[in-house]
Asks: 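First, the structure itself, so that you have it in front of you.
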Amino acid sequence: VQLQASGGGLVQAGGSLRLSCAASGGTFGTYTMGWFRQAPGKEREFVAAISWSGGATNYADSVKGRFTISRDNAKNTVSLQMNSLKPEDTAVYYCARAAIWTTSARVYDSWGQGTQVTVSS
């Protein structure tokens, strides 16, 4: 499967962005989908995950209550609505696919190319 992330940009603190990830060329609807991010000089970290049905979600503590992950299996897309953005949210955001329910980046087998999110103070 190929994953294409989009929607990043520059926003002021307190603002919102919506990231989207489109899947093509493979199976989407039976996989867990996740969002991860990597800031300069830091390890890639888990942000959010959603189960294949959309019935279960999981969020990093740092984004809980501000970010919402959703998916549309008919359109092969997963989205991340980011509200109340903070400068520490600045990073490259990646979408990824995993065959099981997990928040571990090592288990995700397909990754998008990343989209830059920059939050100014």
Side-chain angles (χ1 to χ4, degrees):
V1 67
Q2 292 186 337
L3 302 175
Q4 180 75 35
S6 61
L10 173 64
V11 64
Q12 289 188 332
S16 299
L17 280 175
R18 185 177 181 85
L19 305 183
S20 293
C21 177
S24 61
T27 304
F28 176 83
T30 59
Y31 281 76
T32 294
M33 295 299 297
W35 286 96
F36 293 78
R37 66 187 181 186
Q38 188 166 19
K42 295 189 176 181
E43 300 268 329
R44 187 170 297 189
E45 65 174 359
F46 167 76
V47 175
I50 187 166
S51 63
W52 68 270
S53 67
T57 57
N58 196 349
Y59 298 91
D61 287 343
S62 59
V63 307
K64 205 170 291 184
R66 300 187 298 121
F67 290 11
T68 302
I69 189 171
S70 61
R71 69 189 296 162
D72 185 338
N73 286 344
K75 296 182 179 179
N76 285 0
T77 59
V78 60
S79 299
L80 185 69
Q81 177 67 42
M82 306 187 295
N83 298 330
S84 302
L85 283 161
K86 304 175 181 179
E88 51 264 44
D89 294 318
T90 295
V92 178
Y93 283 71
Y94 299 88
C95 59
R97 184 192 78 167
I100 63 172
W101 179 243
T102 181
T103 62
S104 173
R106 293 175 294 177
V107 183
Y108 285 75
D109 61 3
S110 297
W111 291 81
Q113 85 289 1
T115 185
Q116 176 70 48
V117 171
T118 303
V119 184
S120 63
S121 56

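A quick note: this is a predicted structure, and the numbers were derived from the prediction, not measured.
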Asks: Please report the closest heavy-atom contact between Arg37 and Ala91, naming both atoms and the distance.
Replies: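 Heavy-atom minimum between the residues: CB-CB, 3.8 Å.
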
Asks: Extract all donor-acceptor atom pairs below 3.5 Å that involve side chains of residues 1-10 and protein atoms in other chains or at least two apart in sequence.
Replies:
none

Asks: For Trp35 and Ile69, work out which heavy atoms get closest and say how close.
Replies: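 Heavy atoms only, the tightest pair is CD1-CD1, 3.6 Å.
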
Asks: Tell me the closest heavy-atom pair linking Thr102 and Ala98, and the distance in Å.
Replies: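 In this case the closest contact between Thr102 and Ala98 is CG2-CB, 3.9 Å.
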
Asks: For Asp72 and Phe28, work out which heavy atoms get closest and say how close.
Replies: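 In this case the closest contact between Asp72 and Phe28 is O-CE2, 4.0 Å.
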
Asks: Could you give all pairs that pass the side chain to side chain donor-acceptor pair (under 3.5 Å) test and reach residues 76-87, with sequence neighbours left out?
Replies: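 Those involving residues 76-87 are Ser16-Asn83, Arg18-Gln81, Gln81-Asn83.
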
Asks: More than 12 foreign heavy atoms under 6.0 Å from NZ of Lys42: is that the case here?
Replies: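 Atom NZ in Lys42 is not crowded, with 12 or fewer foreign heavy atoms closer than 6.0 Å.
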
Asks: Report the distance from atom OG of Ser121 to atom CD of Gln12, rounding to the nearest 0.5 Å.
Replies: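 The CD atom of Gln12 is 9.5 Å from OG of Ser121, to the nearest 0.5 Å.
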
Asks: Is there a continuous path of hydrophobic side-chain contacts, each under 4.5 Å between heavy atoms, that joins Phe46 to Val78?
Replies: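 Not linked; separate clusters.
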
Asks: Find the distance between CD1 (Ile50) and OG1 (Thr32) and round it off to the nearest 0.5 Å.
Replies: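 Here the interatomic distance stands at 9.5 Å.
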
Asks: When rounded to the nearest 0.5 angstrom, what distance separates OH in Tyr31 from CG in Asp109?
Replies: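 The distance works out to 6.0 Å.
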
Asks: Which atom pair, heavy atoms only, marks the closest approach of Val63 to Val47?
Replies: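 Heavy atoms only, the tightest pair is CG2-O, 3.6 Å.
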
Asks: I need the full list of ring pair (Phe, Tyr, Trp, His ring centres under 6.0 Å) pairs touching residues 56-109, with sequence neighbours left out, sorted by first then second residue.
Replies: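 Qualifying pairs: Phe36-Tyr108.
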
Asks: For the CG atom of Asp89 and the OG atom of Ser62, what is their distance to the nearest 0.5 Å?
Replies: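 Answer for the CG-OG pair, Asp89 versus Ser62, is 7.0 Å.
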
Asks: Could you pull out the closest heavy-atom pair between Leu17 and Val11, with the gap in Å?
Replies: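 Reported closest heavy-atom pair: CD1-CG1, 4.0 Å.
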
